[in-house]
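All remarks here apply to the structure that follows.
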Amino acid sequence: SQGSFDWEEYLRESEAVPAPQSCFKQSVDPPVNEFKLHQKIEAVDPRNLTSICVATVVGMIGPRIRLRLDGSDNTNDFWRLVDSVDLHPVGYCEKTGKLLQPPLGFCKNPTLWPSFLQKTLTGAERAPEGCFKKEPSTPKTNEFKVGMKLEAVDRKNPQLICPATIGAVRGEEVHVTFDGWRGAFDYWTKRDSRDLFPVGWCALSGHPLQPPGQKGTPQVKSKSREPSVSQSAHSPGNQSNTSKSSSTSSSGPTSPNLPHDRSVS
Ligand code: MLY
């Protein structure tokens with residue numbers, strides 16, 4: 001749910017700058033999602049990057065699709081942008097002389113794979129070529145700076161995209177911190193990760209943007225914020241808990257333009 005989060009006001013209040021578009025491996029116009037639920041594709045197995053598997057579109061949000069590898073259980077679903085280089089139409093492996101592989105953790109006896117493969121593709125709807133969009137180019141240099149704002153996938157809850165801040169830059173990697181959360185969701189990633197988006201990308205692409213959390217949220221001095229609402233009634237912490245985060249002690253107010261306290265979760 002989009003809530004009523006407003007980047008413009010938030011950036012003004014936090015006196016922060018958004019990371020420029022040129023930082024990101026994302027197209028200026030977010031790609032259009034033309035996939036349909038239940039269509040089959042070929043996808044790189046996220047747990048075994050050298051292998052390509054049959055996958056089914058089991059969900060979508062904006063320009064992202066949720067995938068399940070055929071022959072795997074429902075606990076290893078993953079999300080990809082429709083312009084991800086990891087996605088191919090059915091027939092790609094055959095065309096390029098590769099073998100379609102069973103997913104890591106194929107739920108049946110490996111000897112059953114050939115017949116499983118045939119069965120899973122028979123009569124199934126295949127996503128047309130046009131659904132697969134061209135991968136955007138990689139920016140030449142790392143232009144991220146500490147304190148810049150962005151939108152980033154919460155990798156512990158990968159259906160979510162959230163307001164975030166660059167907490168550190170080290171060579172080709174950046175440390176992503178989630179605004180209003182105490183560190184349990186932070187991660188280091190390559191600066192050209194497809195999980196990082198410029199401010200405004202969600203609004204542009206029709207993807208929901210989570211509002212910031214409320215832990216260590218920068219407090220504005222003079223101007224009063226929304227009437228305060230209790231954590232349980234209002235925070236994203238309401239959603240199913242897939243993380244090991246513990247909401248420990250409360251925080252003191254933090255300075256508006258400092259990244260939030262990352263010492264505890
Ligand atoms: N129920 C989870 C959800 C946390 C989501 C945090 N993201 C948005 C940074 C939890 O409270 O652990």
Side-chain angles (χ1 to χ4, degrees), residues 1-7 9-11 13-14 16 18-19 24 26 59-64 66 74-81 144 146-168 173-191 193-219 225-226 228-251 253-254 256-265:
S1 60
Q2 195 94 333
S4 55
F5 179 66
D6 175 11
W7 264 120
E9 182 187 359
Y10 184 74
L11 289 172
E13 287 179 353
S14 57
F24 298 90
Q26 301 292 349
M60 33 199 179
I61 310 181
R64 298 200 304 153
R66 178 181 176 139
N74 62 0
T75 65
N76 293 293
D77 290 356
F78 55 100
W79 290 86
R80 288 291 176 268
L81 287 157
F144 284 108
V146 171
M148 284 177 169
K149 298 288 184 186
L150 69 158
E151 299 176 1
V153 171
D154 173 357
R155 289 184 175 170
K156 289 186 176 169
N157 304 277
Q159 76 280 17
L160 303 180
I161 299 183
C162 316
T165 305
I166 299 296
E173 304 227 315
V174 294
H175 193 237
V176 177
T177 69
F178 288 89
D179 287 29
W181 295 89
R182 286 185 156 275
F185 305 96
D186 297 358
Y187 54 82
W188 282 95
T189 192
K190 296 254 177 275
R191 51 114 179 158
S193 165
R194 303 303 318 279
D195 287 347
L196 311 181
F197 306 91
V199 163
W201 186 88
C202 280
L204 253 181
S205 68
H207 194 290
L209 176 67
Q210 294 303 113
Q214 302 189 326
K215 299 176 184 181
T217 303
Q219 292 301 309
R225 292 167 69 85
E226 310 269 77
S228 57
V229 180
S230 73
Q231 279 286 354
S232 58
H234 189 246
S235 83
N238 264 349
Q239 283 150 358
S240 65
N241 193 343
T242 57
S243 80
K244 291 169 197 74
S245 84
S246 54
S247 15
T248 44
S249 62
S250 65
S251 60
T254 52
N257 52 7
L258 282 177
H260 59 210
D261 177 6
R262 270 170 279 106
S263 57
V264 288
S265 58

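Every number for a ligand or one of its atoms is a count from 1 in the order of the listing. Computation of the quantities below employed the complete heavy-atom set of this structure, encompassing side-chain atoms and omitting hydrogens, waters and symmetry-equivalent molecules. Small disclaimer: the values here were computed from a predicted structure and weren't measured. In what follows, residues are counted from 1 in the order of the sequence shown.
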Worksheet item: Any side-chain heavy atom of Gln210 sitting closer than 4.5 Å to one from Asp154?
Response: no
Discussion item. Within the 4.5 Å heavy-atom criterion, are Glu151 and Leu209 side-chain neighbours or not?
Written reply: yes
Worksheet item: For residues Asp179 and Thr165, is any side-chain donor paired with an opposing acceptor at under 3.5 Å?
Response: yes
Item to complete: Using distance alone, decide if ligand 1 has a nitrogen or oxygen within less than 3.5 Å of any nitrogen or oxygen in Asp154.
Response: yes
Worksheet item: Between Glu173 and Lys190, is the closest basic N to carboxylate O distance under 4.0 Å?
Response: yes
Worksheet entry | Subset of ligand 1 atoms that lie under 4.0 Å from at least one heavy atom of Asn157 | 4 (C), 5 (C)
Response to the item:
Cys162 heavy atoms within 4.0 Å reach ligand 1 at atoms 8 (C)
